[in-house]
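Shown next, in structure tokens, is the structure this report addresses.
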Amino acid sequence: MIRLAALDVKDLEIISTLVQDAVLKAGDISRSASGTFALEMNRFAWDKAPLKIFGRTLSKTNERRRSILHFAHISDAKMSGISQAMPDQILSFLAIRFIASEAPAGTIEMVFSGNATIRLNVECIECQLTDIGAAWAALATPKHS
């Protein structure tokens with residue numbers, strides 16, 4: 001189980017790696033009036049993926065876990081290629097990036113397959129990734145070209 005916080009760019013890069021290949025529905029995205037933004041997702045557990053060293057597999061399980069990615073101090077959120085009017089639209093996470101403006105403020109950009117993006121204007125980086133449920137077997141390890 002993972003429970004991590006990101007307070008700077010290096011921390012955010014670690015969380016980006018852990019949410020790569022997570023899948024979620026547009027309906028699992030929420031923003032509160034208090035300046036928070038959350039995404040509930042099925043995260044591929046890269047931290048549990050089969051590890052191959054010198055041609056030998058040390059672990060044999062692929063797992064997914066239900067997780068929440070939460071951001072605080074959001075002043076604005078914009079989505080492109082995502083329709084919350086279509087709550088069953090499936091999104092596949094690719095990466096999270098931070099674009100600095102006036103430190104510590106900037107824009108957190110979440111990139112999904114199919115050219116979908118979410119851009120959050122933030123006062124500072126404050127992000128949490130929390131696994132909220134038991135793991136289940138994933139049929140395969142995601143592959144990228």
Side-chain angles (χ1 to χ4, degrees), residues 1-53 57-101 104-145:
M1 300 261 310
I2 286 195
R3 184 179 176 107
L4 292 175
L7 299 174
D8 62 27
V9 174
K10 290 188 186 280
D11 294 344
L12 199 58
E13 289 171 355
I14 292 167
I15 288 180
S16 177
T17 300
L18 291 168
V19 298
Q20 182 180 8
D21 299 309
V23 291
L24 64 143
K25 292 181 179 182
D28 292 332
I29 299 170
S30 63
R31 180 178 181 198
S32 76
S34 64
T36 64
F37 194 92
L39 301 95
E40 195 168 332
M41 64 189 72
N42 295 335
R43 181 180 72 81
F44 183 81
W46 282 109
D47 49 307
K48 300 289 184 183
L51 177 63
K52 290 187 179 182
I53 298 179
T57 302
L58 300 180
S59 170
K60 295 184 180 172
T61 25
N62 287 310
E63 295 179 1
R64 285 203 178 263
R65 292 182 174 271
R66 195 69 175 156
S67 303
I68 294 180
L69 183 62
H70 179 270
F71 296 91
H73 309 290
I74 307 302
S75 60
D76 190 32
K78 293 183 180 159
M79 291 190 257
S80 175
I82 300 169
S83 175
Q84 287 198 295
M86 296 174 37
D88 290 333
Q89 178 187 4
I90 303 294
L91 303 168
S92 181
F93 229 123
L94 297 178
I96 303 172
R97 298 186 270 239
F98 182 72
I99 303 154
S101 57
T107 301
I108 292 174
E109 181 181 56
M110 291 175 271
V111 181
F112 301 88
S113 62
N115 294 319
T117 58
I118 298 173
R119 288 182 183 88
L120 306 175
N121 290 337
V122 296
E123 297 168 16
C124 62
I125 296 172
E126 187 175 325
C127 171
Q128 292 180 342
L129 175 63
T130 306
D131 289 342
I132 58 170
W136 66 91
L139 298 177
T141 303
K143 296 193 187 313
H144 300 273
S145 55

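In this text, all values refer to a predicted model and were calculated from it rather than measured experimentally.
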Would S75 and N121 count as having a side-chain donor-acceptor pair, cut-off 3.5 Å?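 S75 vs N121: no donor-acceptor pair found between side chains.
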Say whether N42 and R65, considering side chains only, have a donor N or O and an acceptor N or O under 3.5 Å apart.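 Result is no, nothing qualifies.
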If I compare all heavy atoms of [X] with all of [Y], which pair ends up nearest, and what's the gap?
{"X": "Q84", "Y": "A26", "result": "NE2-O, 3.4 Å"}
{"X": "E126", "Y": "L7", "result": "CG-CD2, 4.0 Å"}
{"X": "S16", "Y": "I96", "result": "OG-N, 2.9 Å"}
{"X": "R31", "Y": "F37", "result": "CB-CD1, 3.8 Å"}
{"X": "I82", "Y": "A116", "result": "CG1-CB, 3.7 Å"}

Side-chain touch [X]/[Y], heavy atoms, less than 4.5 angstrom:
{"X": "F98", "Y": "I108", "answer": "yes"}
{"X": "M110", "Y": "L120", "answer": "yes"}
{"X": "L4", "Y": "L18", "answer": "yes"}
{"X": "L39", "Y": "L91", "answer": "no"}
{"X": "L94", "Y": "Q20", "answer": "no"}
{"X": "C127", "Y": "I15", "answer": "yes"}
{"X": "T130", "Y": "H70", "answer": "no"}
{"X": "T17", "Y": "W46", "answer": "no"}

Rounded to the nearest 0.5 Å, how far does [atom2] of [Y] lie from [atom1] of [X]?
{"X": "E123", "Y": "I74", "atom1": "CD", "atom2": "CD1", "value": "8.5 Å"}
{"X": "I90", "Y": "S113", "atom1": "CD1", "atom2": "OG", "value": "10.0 Å"}
{"X": "I2", "Y": "I132", "atom1": "CD1", "atom2": "CD1", "value": "13.5 Å"}
{"X": "F71", "Y": "T36", "atom1": "CZ", "atom2": "OG1", "value": "11.5 Å"}
{"X": "M41", "Y": "I68", "atom1": "CE", "atom2": "CD1", "value": "9.0 Å"}
{"X": "D76", "Y": "T107", "atom1": "CG", "atom2": "OG1", "value": "9.0 Å"}

Using modelled atom types only, decide if a donor and an acceptor are shared between the side chain of E109 and the backbone of T117 within a distance under 3.5 Å.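 Such a contact is absent between E109 side chain and T117 backbone.
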Would the distance check show the side chain of Q89 and the main-chain N or O of S83 forming a donor-acceptor pair, the cut-off being under 3.5 Å?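 Yes, because the side chain of Q89 sits within donor-acceptor range (under 3.5 Å) of the backbone of S83.
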